[in-house]
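Only one structure is covered here, and it is reproduced in the block below.
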Amino acid sequence: MKAPIDTPPAVRHITVDEESDGQRLDNFLMRQLKGVPKTHIYRVIRSGEVRRNKARASADERVATGDVLRIPPVRVSQRAEEKAERPAPAREFPVVHEDEGLLAIDKPAGVAVHGGSGVSFGVIEQLRQSRPSARLLELVHRLDRETSGLLLIAKKKSVLKAVQDQFRERETGKTYLALVLGDWPESSKVIDVPLHKYLLADGERRVRTTSADDPDGMRAITLVRVARRWPNSPDGRGPLSLLEVTIKTGRTHQIRVHLASAGHPIAGDDKYGDFERNRELARAGLKRMFLHAWRLRLTHPQTQSPLQLQTELPSELQRFVDSL
């Protein structure tokens, strides 16, 4: 039985404030229209029902302070409203660095960074609940749910924009630790292969490598350095390599797909890995994907001084390494 539908509200006109300056239109609307499915938000944008200063707007446009947005009536199911009334449970995460503009946490594996795609809430929703007096908390970048490690959250809109600009211009250094199957060749130090996003029949997102002439391909650059090798894995099926992986671009599933396409999938990767080996490694103690956001280097946008952050391997990954 379908949930009853409430009478939709009237057209609203919202003036963009300073804290929302530079935010993408789709992200701005998702914050304004709690409980409205993303698909519906994109539909009303495409149809022209959302207006920015009386003109049609696209989802990837960035709003500016003083913009007036026309937001059409949207229907929210009773179920969605009930869900909105049950906010994410408040939770704090281990803090690596914090100042007035920036927060860096050590995200555990198994926690999404935000709600969506079958997940009702993630790190950012839980942080907002635990810090109700914070004027702004926005994700600077993302990590896959099963990836642990450094995650940046902006506390000021100016900081958010400045750090994202650094990521976009490849002025930051993001290095991960990844344990891969096989003996990674010392000569293989740069992977510069475009990636193509697509959807499975059930709507789940996937990524594959593609050719340079693919119009939908996105350039992706990954640098690899071997940190350590083990000639035999616990399952007796060949060597393992611990890699320091630095990404110069931040594409979806970039590290996972690049390493797998090179013939060395990440141990424990349930999307692009060796599923049979994953089961054997799980019996040997590796219960999750071995990918950890380890180091992050950037220029602090408020002080203009270098900021270098690091988180060590979480205990479950360190124990597995020690067992080797």
Side-chain angles (χ1 to χ4, degrees), residues 14-36 38 41 62-63 65 76 80-167 172 174 250 292-303 305 307-312 314:
I14 296 177
T15 301
V16 176
D17 61 16
E18 187 177 345
E19 285 298 333
S20 299
D21 184 80
Q23 193 168 25
R24 280 176 54 122
L25 176 63
D26 51 359
N27 292 334
F28 179 85
L29 291 177
M30 286 172 199
R31 293 292 301 274
Q32 295 290 327
L33 303 175
K34 300 289 188 182
V36 178
K38 285 184 181 180
I41 290 173
R62 296 190 180 273
V63 298
T65 304
V76 181
E81 288 189 340
E82 290 170 353
K83 179 180 173 183
E85 291 171 1
R86 297 193 302 272
R91 180 179 177 182
E92 280 285 351
F93 297 87
V95 174
V96 179
H97 170 88
E98 185 169 10
D99 55 48
E100 65 175 17
L102 201 58
L103 170 65
I105 65 167
D106 189 357
K107 185 190 87 67
V111 181
V113 295
H114 59 74
S117 302
V119 180
S120 56
F121 60 84
V123 168
I124 195 64
E125 291 86 2
Q126 292 187 290
L127 276 175
R128 287 171 183 154
Q129 285 298 316
S130 69
R131 298 178 176 217
S133 61
R135 289 189 61 194
L136 179 86
L137 290 172
E138 292 284 355
L139 290 167
V140 175
H141 61 109
R142 288 165 173 74
L143 292 177
D144 291 345
R145 189 188 311 182
E146 295 308 320
T147 302
S148 56
L150 284 166
L151 181 66
L152 288 183
I153 292 101
K155 298 164 68 176
K156 290 178 177 288
K157 185 60 65 175
S158 58
V159 171
L160 175 67
K161 183 177 185 303
V163 179
Q164 288 182 333
D165 286 345
Q166 288 185 49
F167 282 140
T172 61
K174 284 199 292 185
H292 177 70
W294 178 42
R295 286 179 175 168
L296 180 59
R297 175 186 50 78
L298 67 150
T299 300
H300 197 294
Q302 292 177 298
T303 65
S305 59
L307 180 61
Q308 298 195 51
L309 307 171
Q310 180 171 319
T311 58
E312 298 310 318

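What you see is a predicted model, and the numbers here were worked out from it, not measured in a lab.
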Minimum heavy-atom distance between Gly149 and Leu143, given as atom pair plus value: O-CD1, 3.8 Å
Separation between CD of Gln308 and NE2 of His97, rounded to the nearest 0.5 Å: 12.5 Å
Ile14 and Phe28, any side-chain heavy atoms less than 4.5 Å apart: yes
Euclidean distance, Thr172 OG1 relative to Leu296 CG, rounded to 0.5 Å: 6.5 Å
Straight-line distance of Arg295 CZ to Thr311 OG1, nearest 0.5 Å: 10.5 Å
Minimum side-chain heavy-atom gap Val123-Phe93 below 4.5 Å: yes
pair Ile124-Val113: side-chain heavy atoms closer than 4.5 Å: no
Closest non-hydrogen atom pair between Ala293 and Thr147, with its separation: N-CG2, 4.3 Å
Side chain proximity check, Phe121 to Gln129, heavy atoms < 4.5 angstrom: no
Stepwise side chain to side chain contact (heavy atoms under 4.5 Å, CB included) test for Leu150 and Val96: CA-CA 8 Å; Leu150 284 166; Val96 179; 3.9 Å; yes
Check: Gln32 and Met30 side chains under 4.5 Å, non-hydrogen atoms: no
Closest heavy-atom pair and its distance - Pro314, His292: CD-ND1, 3.5 Å
Glu138/Arg128 under side chain to side chain contact (heavy atoms under 4.5 Å, CB included): CA gap, chis, key distance, verdict: CA-CA 9 Å; Glu138 292 284 355; Arg128 287 171 183 154; 3.5 Å; yes
Close side-chain approach of Leu307 and Thr299, heavy atoms under 4.5 Å: no
Evaluation steps, side chain to side chain contact (heavy atoms under 4.5 Å, CB included), between Trp294 and Gln310: CA-CA 6 Å; Trp294 178 42; Gln310 180 171 319; 3.4 Å; yes
Distance-only side-chain donor-acceptor flag, His300 / Ser305, under 3.5 Å: no
From CZ (Phe167) to CG (Leu298), nearest 0.5 Å: 6.5 Å
Nearest heavy-atom neighbours spanning Asp21 and Val16: N-CG1, 4.3 Å
Going by atom type alone, with no hydrogens or angles, which donor-acceptor pairs under 3.5 Å involve a side-chain atom of residues 152-160 and a protein atom two or more places apart or on another chain?
unit_1 : atom_1 : unit_2 : atom_2 : d
Lys155 : NZ     : Glu98  : OE2    : 3.0
Lys155 : NZ     : Asp99  : O      : 2.8
Lys157 : NZ     : Glu19  : O      : 3.4

Partner set under side-chain contact (heavy atoms from CB on, under 4.5 Å) for Glu92, not counting sequence neighbours: Leu127, Ser130, Arg131
Worked verdict on Arg145 versus Val111 for side chain to side chain contact (heavy atoms under 4.5 Å, CB included): CA-CA 5 Å; Arg145 189 188 311 182; Val111 181; 5.6 Å; no
Exercise: do Gln164 and Gln166 side chains pair donor with acceptor under 3.5 Å: no
Residue pair Glu146 / Asp144, side-chain heavy-atom distance below 4.5 Å: no
Minimum-distance pair of heavy atoms, taken over all atoms of Gly115 and Glu125: N-OE2, 3.0 Å
Side chains of Gln23 and Lys161 in contact at under 4.5 Å (non-hydrogen atoms): no
Interatomic spacing from CG in Asn27 to NZ in Lys38 - rounded to 0.5 Å: 8.0 Å
